[in-house]
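So you know, we letter chains A, B, ... as the sequences are listed, proteins then strands, and number each from 1.
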Amino acid sequence: VPTRHWRAVIAAIAIAIVAAATASAAALSIDATIEPAQIEVGESARLTIFTSGGGTLSVPLPVVSGLEFRVVGQSRQIQMINGRTIESTSTIIRVTPDQAGVFTIPGLTPTSPPLVLRVNPSNGSSSRYGNGASPGQTPLLPGGSLPNGIHLTPDGSAFVHLEMPKHEIYVGESVPVEIQVGMRDGFVASINGLPKLNSGDFTLNNLSRQPERAPKTIDGKAFTVYTWRSLLAAVKPGTYSLAFETPLTVRVRTRPQRDSMLDDLLGDPFLQNFFGATIPKDVTVSSPEAAIKVLPLPTEGRPPDFGGAVGTFKVSTDISSAKNTAGDPLTLRMHVHGAGNFDRVESSMLGGDAQWKTYEPKATFNSTDPLGYRGEKIFEQPLIASQPGTQTIPPLNFSYFDPGARRYETARSAPLTVTVAPPADSLANEPPPNAAGAAADEAHSGLRPDHAVTEARVDSLIPAYFQPRFLGFSSVLALLFGGGWVALRRRERDALDTQRQRERARAQLTQTLLDKMSAASAAGDAAVFLNSARSALQQTLGARWQLAPEEISEALVDARIEDADREDIRQIFALADEANYSGDDVKAADFERWTQIVGRHLGEEKAS
Amino acid sequence: MSRRAPWGVLLIALAMFGSASHAEPAHAAEPAQAAGQAQDTRQTQAGYSAPALYNLANAYARAGKPGLAVLNYERARLLEPNDPDIEANLHHVREASGLPPESPGRLQSLTGFASPRTFAWVGILGLAVAGVSALARRLYPRHRRKLLAAILAGISLLGVTIASAITLWPIMHEAVVITQAAPVRVSPVPIEEPIFVLPEASMVEMSAEHDGFVLIRTKAGRTGWAQRANLAPIIPKH
C-alpha cells in the first residue's frame, strides 16, 4: 500500500508541474480604457490599464506631450480556473492635460490600439455651485440640505447662508442681515471676494470689511464659518427673491468617486490632496434664494416734514449756555437716538425769526454698533439772540415712520429757556450810575467811600513816557546835550591842535636859526651868527615864558634868569646889537662857546 | 559856542515841552475812534482824574457791574498808584466776583510809589541833570568829581523812569471783561464753539485784532479769540 500511495503523490506533483508549465506558457492580455474621452482644460481623465495572464507585467507609463500621467491606484486579483492561475491587475492613472487639443495615447503593446483624449477649452474660469445645481466635477462629499437651513454645495465643500430677522420690510427701511460663508476645512482654498447681492432692487450698506471667523461643526464635518454683517434696504416695493454669491476657490476631485479606492482609503483631505486627488477650481457659491416682500411707505398720515427716516427714534434738545449776551452765539443741539436708517435722518432745526438769528446746522452720527443701525445723530445749530431778556427756544419736531407700528410718528423735544443779557455795546453806551445817589447794596457794603473830585485832570491815560510828545521832547533834549558835549570836545581838540602847530613852527624856526648859526660860524660872519643866536634864544625863551619872541629883551632876561647863563645870554644879546651897529668881528673860539650856550638852552627847552 | 549855551538849550527845550502841553486839549477833543466806547469818549472830552474814575468805579460796583468797576479802578490806579482806597475797593470787587487776588511783581512794587506822570518828570529831570553835568564837566575840569556824581545821579533818575515804563508796558495791552461772560474761540468767527469762557471783571492781555475779535491771553496762559465788544482796554488808545 505504501508503494501505491507514493506513486499517486508523485503522479499528482507531475501533473501540477505540467499544469504550472502550461499556465506560465499561456499568453498575457493588456487592455486600456480612458474615461471620459472628452474633458475640459482643468479637468482630468482616468486611464485604466487592465492586465490579465499567467504572469506579472510591468507596464510603463505612456509619455505624451501636454498630458500628465500619474498612478493613483492599483488592484490585483489571482484566480484559479480549471487549474490555471490567472492574475489580473488594474492600474488607475490620472491624466491631466496642460492645454486644449486632441491627444493620442499610443497603444501599450504593438497590437493594442491607441487611445484618443479630446480636451476642450474651459468654458468659464469658474463653475457655479448653487442651490441644487449640478457641478461639473465629481463631488468630494455628499451635498444637500441640512436640518438647520444650511444648503451645502453639491460637493459638500461650502455653503452661503443669509440670516434675516424678517422677510417683510418697507421701502427705505434698513434691516440688519448676516451673510455666513462656510468652508469645509481643507476643501476650500480661499475666498476671492466679498458676498454680493444678486438683485439690483436692494442696497447693501456698511458691509463689514473683515468678517468674523469661527469654527463650526455641521453634520459632523468641520467647517470654518465667515460672517459678514450689513444693512439691507429695499429700493422699490414688490416681491423679490434674494440670494448672495461668494467667489471661492475649491479643490475638485478629478475622477469618479466610485472608482477611487485610494480616496476611500485616504479619507483625510490632506492626504487626498497630498496624493494629488484634487485640483483647485474657482467657483461661485450662492445662498438659497429667500423671498422678501417690500412694502411701500403709506401716503396716508405722512407728516409734511417727513424726510424718509424709517425706524424707532427719540428726540431731545439742549443749549450750550442758559445765560448769554445778545449778539453772542449759542449752540442748539438736537439729539436723535434710536435704531433705523440714520442716513435718512435729517433736520432743518430752528428757523430764523425776529428773536433768533440762525445758521445752517451740522450733523454728526455716533453709532453704538458696527453697522450704524443703532446710535445717536446730533444736530448742532449756531444761534444768536437778537434781543435781551428771557427768550424761549421752541420745541423741535422730528417725523419718522415706525415699521413696527406701521405708522408715522413725530417726536417732539421740550422748549428751552435762555436768559439773554444786553450786548456789550449797550453796556458801554449806558450812562454811568448815579454815584451820588447810589446806596451801597449788601454785596458791596465793604466799599470804601467816594473821593472828593478835584479839578486836576489829565488828558490821556497813556503814561507820559509812552506819549509821543514826551518821547520827542526827551529825545530833543538828549540830542541837544549830546550836541553840546560834542561841540565842547571838538573845541578843546582844536585848541590843542593850534598849540601843537605853534610849537611845531617854532621848533622848525629854531632849527633854521641853528643851521644859520652853523653856516655863519663856518663863514666867520659874526653879525649873522649873533643875530641868529639871539633869535633862537628869543624863540626858546618866549615859548617857555608864554610871550612873543620880540618881547624877550635883556631886561626880561635879567629879571627871569638867575643862573650863570644869564650873563652869557645878556652878552649874546649885547654883542648882537654891537655887531649890527659897530661891525666888530667875533673870534672863532667865541663862535663855539656861544653855540654851546644856545644849544644848552635849546636842550633845556626840549627837555621841559 | 559860549559857555552859557547849554543852559540856554535847556531853557528852550523846557519851553517847547510847555507849549506842547498847552496844545493838548485840542488833541483830546478829537472824537473817539472806538465806536461804542461812550464812556471813554465822555472821559476823553472831560479829561481823566483819579477821584472821578474811583467814584465811577464805586458806582459801577454798587450797580452790580464788576467788569466796568474793575476797569475804572484800574484806570484810577494808573493815576494814583498809592491810593489805599482804590486798592481796597479793587480787591473787594475782584473778591466778590470770585476772581483771584492780584500779586504785584517786585519791579511793580519798587516803582509803584509814584504816578507815571511823576516818573515822567523825574526822567526829564534826570536827563537834564545828567546832560548839564556832562557839559559842565567839560567846561570846569577842576570840578570833575562833583560833576561826575551829578551825572550818575541824573542817570539814576532816568533809570527809575525806565523801570517804571517797563513795569507799565504790559498794562498798555491789558483789557477787562466788561460783560457777564466772554466766550473765547479758537478762531475769530462767531459760529465756532467756545473753548472757554472768561468771567466778568477778569483781565486779559490783548494782541492781534481781526474783524471784531481780539486775540487774548489769560493770566493762566490760555489763548483764544474773544469778541472786541466784550472787552475794554485799561488804557484807551486815543
**Request:** Count the heavy-atom pairs under 4.5 Å between each of A:S321, A:S320, A:P382 and chain B, then report the option with the highest count.
**Result:** A:P382
**Request:** Work out which heavy atom in A:R457 is nearest to a heavy atom in B:S49; give both atom names and the distance.
**Result:** CG-CB, 3.8 Å
**Contacting moiety of B:R137, where chain A heavy atoms sit under 4.5 Å** = neither
**Message:** Looking at every non-hydrogen atom in both residues, tell me the closest pair between B:P51 and A:A452 and how far apart they are.
**Reply:** CB-O, 3.5 Å
**Prompt:** Should B:I235 and A:F466 be marked as a side-chain contact (heavy atoms from CB on, under 4.5 Å) after you check the CA-CA gap, both sets of side-chain angles, and the distance that decides it?
**Reply:** CA-CA 11 Å; B:I235 298 176; A:F466 294 140; over 6 Å; no
**Prompt:** Is a side-chain donor-acceptor pair under 3.5 Å present for B:T161 with A:Y465?
**Reply:** no
**Asked** Looking only at heavy atoms, what is the nearest atom pair of B:L135 and A:G484, with distance?
**Response** CD2-C, 3.3 Å
**Message:** Using a 4.5 angstrom heavy-atom cutoff, name the option from B:P84, B:P194, B:G67 with the most pairs to chain A.
**Reply:** B:P84
**Request:** Tell me, out of B:V197, B:L79, B:L127, who's got the most heavy-atom pairs with chain A below 4.5 Å.
**Result:** B:L127
**Asked** Relative to chain A, which of B:A182, B:A181, B:P183 shows the most heavy atom pairs under 4.5 Å?
**Response** B:P183
**Asked** Non-hydrogen atoms of chain B under 4.5 Å away: do they reach the side chain of A:E492, the backbone, both or neither?
**Response** side chain
**Residues, nucleotides or ligands: over 12 heavy atoms within 6.0 Å of A:R560 CZ** = yes
**Request:** Give me the ring orientation class for A:H451 and B:Y54: parallel if the planes are under 30° apart, tilted from 30 to 60°, perpendicular past 60°.
**Result:** parallel
**Asked** To the nearest 0.5 Å, how far apart are CD in B:Q180 and OG1 in A:T419?
**Response** 9.0 Å
**Prompt:** In Å and rounded to the nearest 0.5 Å, what is the CD1 to CD1 distance from A:I462 to B:I171?
**Reply:** 13.0 Å
**Request:** Report, as yes or no, whether the 6.0 Å neighbourhood of atom CZ on A:R333 holds more than 12 heavy atoms from other residues, nucleotides or ligands.
**Result:** yes
Less than 3.5 Å apart, which donor and acceptor atoms pair up between the side chains of residues 474-483 of chain A and the rest of the protein, not counting sequence neighbours?
{"from": "A:S474", "atom 1": "OG", "to": "A:F470", "atom 2": "O", "distance (Å)": "2.8"}
{"from": "A:S474", "atom 1": "OG", "to": "A:L471", "atom 2": "O", "distance (Å)": "3.1"}
{"from": "A:S475", "atom 1": "OG", "to": "A:L471", "atom 2": "O", "distance (Å)": "2.6"}

**Prompt:** With a 4.0 Å cut-off, would you call B:D83 and A:R448 a salt bridge?
**Reply:** no
**Request:** Using a 4.5 Å cut-off on heavy atoms from C-beta on, say whether the side chain of B:L139 contacts that of A:R491.
**Result:** yes
**Prompt:** Which atom pair, heavy atoms only, marks the closest approach of A:L461 to B:L78?
**Reply:** O-CD1, 4.0 Å
**Request:** For A:E346, check salt bridge (Lys or Arg N to Asp or Glu O under 4.0 Å) against everything at least two apart and list the hits.
**Result:** A:K377
**Message:** Show the nearest heavy-atom pair for residues A:L447 and B:A61, with the distance to one decimal.
**Reply:** CD1-CB, 3.6 Å
**Request:** Heavy-atom distances under 4.5 Å only: say whether B:I162 touches chain A with side chain, backbone, both or neither.
**Result:** neither
